[in-house]
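Worksheet: one structure, shown below.
The figures here come from the full heavy-atom set of this structure, side chains too, leaving out hydrogens, waters and symmetry mates. Whatever order the structure lists ligands and atoms in, that order sets their numbers, starting from 1.
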Amino acid sequence: MALIQLILHHAKKYWHFIAAVIVLQLLATIASLWLPSLNAQIIDKGIALGDTDFIWRTGGIMLAVAFLQVIAAVSAVYFSARAAMGIGRDLRRRVYRKATSLSTLDANNFGAGTLITRGTNDVQQVQMLVLMGLMFMVTAPIMAVGGIIMALREDAGMSWLVWASVGLLAIIVTILVLFLLPLFREMQERVDEINGVLREQIMGIRVVRAFVREGFEAERYRLANRKITDVSVRVGSIFVLMFPVIMMVLHIATGAVLWFGGHRISEGLVEVGSLTAFLQYLLQILGAVIMGVFMTMMIPRAVVCAERLKELLGATSDMSYPETAQHPTPAAGRVEFRNVTFGFPGAELPVIKNASFVAEPGRTTAIIGSTGAGKTTLLNLALRLFDPQDGTITIDGVPVRELTRAQLAQTMSLVPQRPYLFSGTIGSNLRFGRPDATDDELWTALRVAQGEDFVREREGKLEGAVSQGGTSVSGGQRQRLSIARALVARPRVYLFDDSFSALDVATDARLRAALPSATEGATTIIVAQRVSTITDADQILVVDDGEIVGRGTHEQLLVSSPVYREIVESQMDAEEAA
Ligand code: DCP
Ligand code: MG
């Protein structure tokens with residue numbers, strides 16, 4: 001069902017190609033059904049009676065019909081390919097759009113591996129089925145029915161031979177197909193699995209090397225590889241049987257026609273030409289049966305793929321963004337959390353518990369707390385990567401749920417805890433948030449982010465190449481580029497998630513000194529590990545286990561918050577020790 005819906009939905013756009021295919025296939029089939037009977041006439045009426053004129057005339061017709069058949073068949077293939085590839089492209093585009101618009105949580109639930117397989121392999125299976133369908137669906141039934149009629153016209157006395165061989169072939173091939181079906185479903189899962197394993201290992205190759213886990217990971221891959229090989233071998237061994245069996249049936253049928261037909265000729269019941277034509281029709285009929293079976297064999301696999309595609313395309317996001325702006329884009333950038341509670345789906349305990357705070361424009365709000373306290377989650381909530389189960393988050397009084405994606409992106413810039421750069425140049429990465437930024441603006445941002453020197457020294461400067469993920473620059477450099485990227489975007493709210501940890505204390509201080517002039521009146525929220533990074537913040541929030549357990553300035557907190565004092569003391573000890 002999913003398959004039919006999916007194909008019909010996408011086929012509408014290509015109806016003219018599909019119509020052309022049907023007409024052309026019809027022509028080609030009729031032509032190939034006509035040829036054996038013309039052949040028979042040449043033998044029986046031309047050669048037998050020595051009528052050269054008739055041979056020339058009928059031969060000419062045969063030539064024309066054969067030519068027509070070739071043209072029609074070739075153009076049919078062309079239009080089939082146009083339609084099938086078009087449908088494939090549209091489907092892939094939809095999968096891509098859906099996959100990239102999934103909420104962070106949904107995307108994680110599906111997993112990158114299966115999203116990639118669905119967008120490539122699954123679409124291809126459906127596309128393949130459409131192609132095969134267009135090529136065989138018209139031809140096979142007409143060929144089978146037409147072939148039977150024509151064969152019986154040549155020699156009705158041998159009709160039992162047609163039924164017997166068609167029946168035999170259909171039964172044998174169907175049995176083989178029934179063995180194949182469950183294997184196809186398994187195959188798709190194994191493809192998913194090996195893609196997932198391989199992807200994870202390539203992404204984590206440094207960790208694998210660092211922990212000398214190559215052996216373990218190789219074993220994991222070997223296992224996945226082994227599974228897919230096993231399934232493929234089982235599929236292969238059935239396929240291997242398929243061809244000899246089909247050929248055997250064809251040869252038995254040919255032998256039977258010649259044997260029984262020979263007797264009938266000597267009895268004068270049928271002519272040589274008719275027998276030849278009968279044999280050709282029988283082979284055409286069996287060919288159609290094989291096509292039909294192959295088609296049906298592809299269907300289950302495509303059905304599995306279509307279901308998987310439908311599951312993805314039909315995934316209703318638990319988060320929706322308004323299509324058009326309902327409010328003006330926030331101009332000040334006052335971020336307010338009011339009684340926000342959030343837990344990851346499936347988790348028992350909330351990660352953020354009843355958090356309320358206000359981050360004022362022109363002020364720096366710092367968030368500090370132990371690992372896993374929920375600091376990153378707070379920023380992600382502000383960015384609306386997740387929606388809280390309870391409470392509201394507003395910017396300038398407008399709930400973030402009521403802002404469009406574009407408005408959210410314009411209002412806030414995140415410097416993520418694990419900075420990610422895209423393949424391209426330094427310049428193209430810095431312009432991510434504002435494509436029309438000038439080179440001067442990029443350099444200013446780099447100066448503030450303390451990244452000017454290393455970019456100047458790099459080959460190509462702003463045009464210098466960056467590899468996927470930003471692996472061609474050091475961790476600290478990546479962090480500075482990611483800070484500069486946020487600055488170039490000139491948002492109203494800056495969210496720095498532990499962005500200064502890779503900087504040494506002196507650079508950290510220089511950066512913070514330069515920051516206020518660059519962020520000019522914007523709201524700054526800084527998640528930090530080092531107390532020294534945030535001592536001069538206007539407001540510090542101490543987060544512990546998802547709760548805001550203290551708030552105030554550094555001095556106030558030293559007095560009022562035991563958790564804060566603990567953090568400060570632990571860091572002072574470390575500094576003294578050093
Ligand atoms: N968590 C989760 N699922 C996720 C992300 C996080 O269950 N996809 C949990 C793990 C933590 C809690 O949420 O216990 C808070 O995670 P945060 O990333 O918000 O923690 P921090 O940013 O405070 O930690 P760190 O200082 O290590 O960055
Ligand atoms: Mg974090």
Side-chain angles (χ1 to χ4, degrees), residues 99 102-115 196 199-200 203-204 207 315 317-319 335 337 339-357 359 364-391 393 400 412-420 475-476 478-479 482-483 486 493-503 508 524-534 537 539-551 557 561 563-564 566-568 570-571 574:
L102 283 179
S103 74
T104 325
L105 288 175
D106 288 337
N108 284 344
N109 279 346
F110 275 106
T114 185
L115 287 180
R199 204 191 103 86
E200 190 181 355
M203 301 278 288
V207 184
S317 186
D318 45 341
M319 284 181 48
V335 178
F337 276 54
N339 304 109
V340 171
T341 297
F342 169 79
F344 287 97
E348 278 180 25
L349 294 172
V351 174
I352 300 295
K353 296 164 201 139
N354 202 22
S356 299
F357 69 90
T364 300
T365 299
I367 302 176
I368 197 165
S370 54
T371 43
K375 305 180 295 294
T376 300
T377 311
L378 278 177
L379 297 193
N380 288 342
L381 283 166
L383 279 165
R384 215 189 155 209
L385 295 186
F386 321 124
D387 275 333
Q389 278 84 18
D390 228 342
I393 300 159
V400 286
M412 290 179 278
S413 268
L414 171 74
V415 180
Q417 191 164 16
R418 278 184 306 165
Y420 191 92
R478 205 179 315 149
Q479 211 163 38
S482 153
I483 294 170
V493 181
Y494 288 91
L495 306 168
F496 295 101
D497 191 353
D498 208 359
S499 311
F500 310 117
S501 56
L503 309 178
D508 181 5
T524 309
I525 303 181
I526 297 181
V527 170
Q529 296 285 347
R530 272 202 300 265
V531 174
S532 65
T533 309
I534 56 164
Q539 164 184 233
I540 300 172
L541 307 172
V542 185
V543 183
D544 188 33
D545 202 13
E547 273 177 282
I548 299 180
V549 294
R551 67 185 75 210
L557 283 170
S561 170
V563 180
Y564 189 72
E566 219 172 89
I567 297 173
V568 172
S570 70
Q571 294 191 3

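- Regarding atom 19 (O) of ligand 1, its nearest protein heavy-atom neighbour is Thr377 OG1, 2.5 Å.
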Check your understanding: Where do Phe337 and Leu378 land on the side-chain contact (heavy atoms from CB on, under 4.5 Å) test, with the steps shown first?
Key -> CA-CA 9 Å; Phe337 276 54; Leu378 278 177; 3.8 Å; yes
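- Here the closest heavy-atom approach between residue Ser499 and residue Ile483 is recorded as O-CD1, 3.8 Å.
- For atom 14 (O) of ligand 1, the nearest protein heavy atom (residue, atom name, distance) is Gly372 O, 3.4 Å.
- Near Gln417, the atoms of ligand 1 lying under 4.0 angstrom from a non-hydrogen atom of the residue are 25 (P), 28 (O).
- The minimum heavy-atom distance between Pro350 and Thr341, with the atom names listed, is CB-CG2, 3.9 Å.
- Residue contacts with ligand 1: Asp498 is excluded, as none of its non-hydrogen atoms falls under 4.0 Å.
- Looking only at protein heavy atoms, the nearest one to atom 22 (O) of ligand 1 is Thr376 OG1, 2.6 Å.
- The protein heavy-atom contact nearest to atom 26 (O) of ligand 1 is Lys375 NZ, 2.6 Å.
- Looking only at side-chain heavy atoms (C-beta outward), Thr364 and Ile526 come within less than 4.5 Å of each other.
- Listed by number with element, the atoms of ligand 1 under 4.0 Å from a non-hydrogen atom of Val351 are 12 (C), 13 (O), 15 (C).
- Inspection of the Glu547 and Asn354 side chains reveals no N or O donor paired with an N or O acceptor under 3.5 Å.
- A donor-acceptor pair is defined here as one N or O able to donate and one able to accept, closer than 3.5 Å; such a pair exists between the side chain of Gln571 and the backbone of Gln529.
- Heavy-atom distances between Gly374 and ligand 1 reach below 4.0 Å in at least one pair.
- Using a 30° and 60° split on the angle between ring planes, Phe344 and Phe342 fall in the perpendicular class, above 60°.
- Distances from atom 6 (C) of ligand 1 to the heavy atoms of Phe386, Phe342, Phe344 put Phe344 nearest.
- Nearest heavy atoms, Ile534 versus Ala528: CG2-CB, 3.6 Å.
- Heavy atoms only, all atoms of each residue included: Ile548 and Ser356 are closest at CD1-O, 3.8 Å.
- At distances below 3.5 Å, at least one donor-acceptor pair connects side-chain atoms of Lys353 with backbone N or O atoms of Asp545.
- Note: an N/O pair closer than 3.5 Å links Ala373 and ligand 1 by distance alone.
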Review point. Going through the checks in order, is the side-chain contact (heavy atoms from CB on, under 4.5 Å) test met by Val531 and Tyr564?
Key: CA-CA 9 Å; Val531 174; Tyr564 189 72; 3.6 Å; yes
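- Protein heavy atoms all stay at least 4.0 Å away from atom 10 (C) of ligand 1.
- Defined by atom type and a distance below 3.5 Å, a donor-acceptor pair is present between the side-chain atoms of Gln539 and Thr365.
- Around the Mg ion (ligand 2), the protein atoms of type N, O or S found under 2.8 Å away are Thr376 OG1, Gln417 OE1, listed by chain and number.
- Under 4.0 Å from ligand 1, heavy atoms of Thr371 appear from its side chain as well as its backbone.
- Close contacts of ligand 1 with Gln529, meaning ligand atoms under 4.0 Å from a residue heavy atom, involve 26 (O).
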